[in-house]
Amino acid sequence: MTPVTRRAASDQLTSNQRSFRDAMANLTAGVNIVTTDGPRGRAGITVSAACSVTDDPPTMLVCINRSSRSHDLFTENGRVCVNVLGPDHADVAKAFAGGVPAEERFAACGDVWDHTLSDVPVLKGSAASVVGRVAGTAEHGSHTVMFIEAERVLVGEDGAGALVYFRRQFHSIPTSLTA
């Protein structure tokens with residue numbers, strides 16, 4: 001596989017690419033931290049490109065940029081946890097979005113990780129956590145789409161609210177708006 005290099009500056013983008021990015025900034029998306037641990041090491045990243053695929057078998061997809069330093073750890077470990085973030089997780093999301101060096105992310109967030117529920121890190125207090133195996137992948141453009149077959153699903157408190165990404169910023173949606 002040929003490594004993908006991330007474009008260094010937005011001025012290298014075509015007009016259509018810039019317009020597409022601006023349009024996608026208006027697409028409100030749930031915020032998730034995807035974690036892995038295994039023979040290749042532990043990693044975690046913030047993603048907004050995650051969604052349900054089917055409930056038979058329970059499967060979701062997650063898109064990860066191939067230029068991410070953590071990309072190969074996810075695909076080679078083959079096990080992940082998709083942690084759906086609640087309104088109080090903005091600082092954790094920022095840390096795992098690159099605000100903290102990859103090797104320091106878990107420690108920087110304090111004691112928010114549960115290692116007793118699974119062999120991959122599960123975020124305490126998440127709106128939901130889906131632990132599963134990478135059942136397949138597809139590459140398109142700069143990203144790998146990973147299909148995750150759920151082996152364990154943990155659902156947080158009912159009405160906990162949500163953390164979303166809109167116009168390149170995190171926004172908390174409180175319980176009163178989600179009920």
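The residues of the chain are indexed from 1 along the displayed sequence. Owing to the predicted nature of the structure, the values given are computational and were not obtained by experimental measurement.
A side-chain donor-acceptor contact under 3.5 Å links Ser67 and Asn65.
For Arg79 and Asp37, the salt-bridge test fails: no basic side-chain N is under 4.0 Å from an acidic carboxylate O.
Residues passing the side chain to side chain donor-acceptor pair (under 3.5 Å) test with Asp22 are Arg168, sequence neighbours excluded. Residues forming a ring-ring contact (aromatic ring centres under 6.0 Å, His included) with Phe147 (at least two apart in sequence, or on another chain): none. Legend: residues meeting side chain to side chain donor-acceptor pair (under 3.5 Å) with Ser15, ordered by chain and number and at least two apart, are absent. For Ala135, the side chain to side chain contact (heavy atoms under 4.5 Å, CB included) criterion is met by Arg133, Glu149, not counting sequence neighbours. For Asn26, the side chain to side chain contact (heavy atoms under 4.5 Å, CB included) partners two or more places apart in sequence, or in a different chain, are Phe166, Arg167. For the side chain to side chain contact (heavy atoms under 4.5 Å, CB included) test, residues two or more places apart in sequence or in another chain that qualify with Val164 are Thr28, His171, Ile173.
Think of Phe20 as one node in a network of Ile, Leu, Val, Met, Phe, Trp and Tyr side chains linked at under 4.5 Å; its network also takes in Met24, Leu27. Connectivity analysis of hydrophobic side chains (ILVMFWY, heavy atoms under 4.5 Å, direct or indirect) links Leu73 to nothing; its cluster partners are none. Using a 4.5 Å cut-off between side-chain heavy atoms of Ile, Leu, Val, Met, Phe, Trp and Tyr, Val31 falls into a hydrophobic cluster with Ile33, Leu85, Val92, Phe96, Phe106, Val112, Trp113, Leu123, Leu163, Tyr165, Phe170.
Both Val80 and Ile64 are part of a single hydrophobic cluster, where members link through side-chain heavy atoms under 4.5 Å apart.
Residue Asp119 qualifies as enclosed at atom CG: its count of foreign heavy atoms under 6.0 Å is above 12.
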Pairs of donor and acceptor atoms involving the side chains of residues 39-58, under 3.5 Å and at least two apart or interchain, shall be tabulated with distances.
unit_1: Arg40; atom_1: NE; unit_2: Glu76; atom_2: OE1; d: 2.3
unit_1: Thr46; atom_1: OG1; unit_2: Ala93; atom_2: O; d: 2.7
unit_1: Thr46; atom_1: OG1; unit_2: Ala97; atom_2: N; d: 3.2
unit_1: Thr54; atom_1: OG1; unit_2: Asp56; atom_2: N; d: 3.2

Verdict with reasoning, Arg21 to Leu13, per side-chain contact (heavy atoms from CB on, under 4.5 Å): CA-CA 10 Å; Arg21 286 185 177 193; Leu13 299 175; 3.5 Å; yes
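Sorted by first and then second residue, the pairs that involve residues 123-132 and meet side-chain hydrogen bond (donor to acceptor under 3.5 Å, both in side chains), not counting sequence neighbours, are Asn83-Ser129, Asp111-Lys124, Ser126-Ser129. Within the structure, the salt bridge (Lys or Arg N to Asp or Glu O under 4.0 Å) test picks out no pair touching residues 100-110 (sequence neighbours left out).
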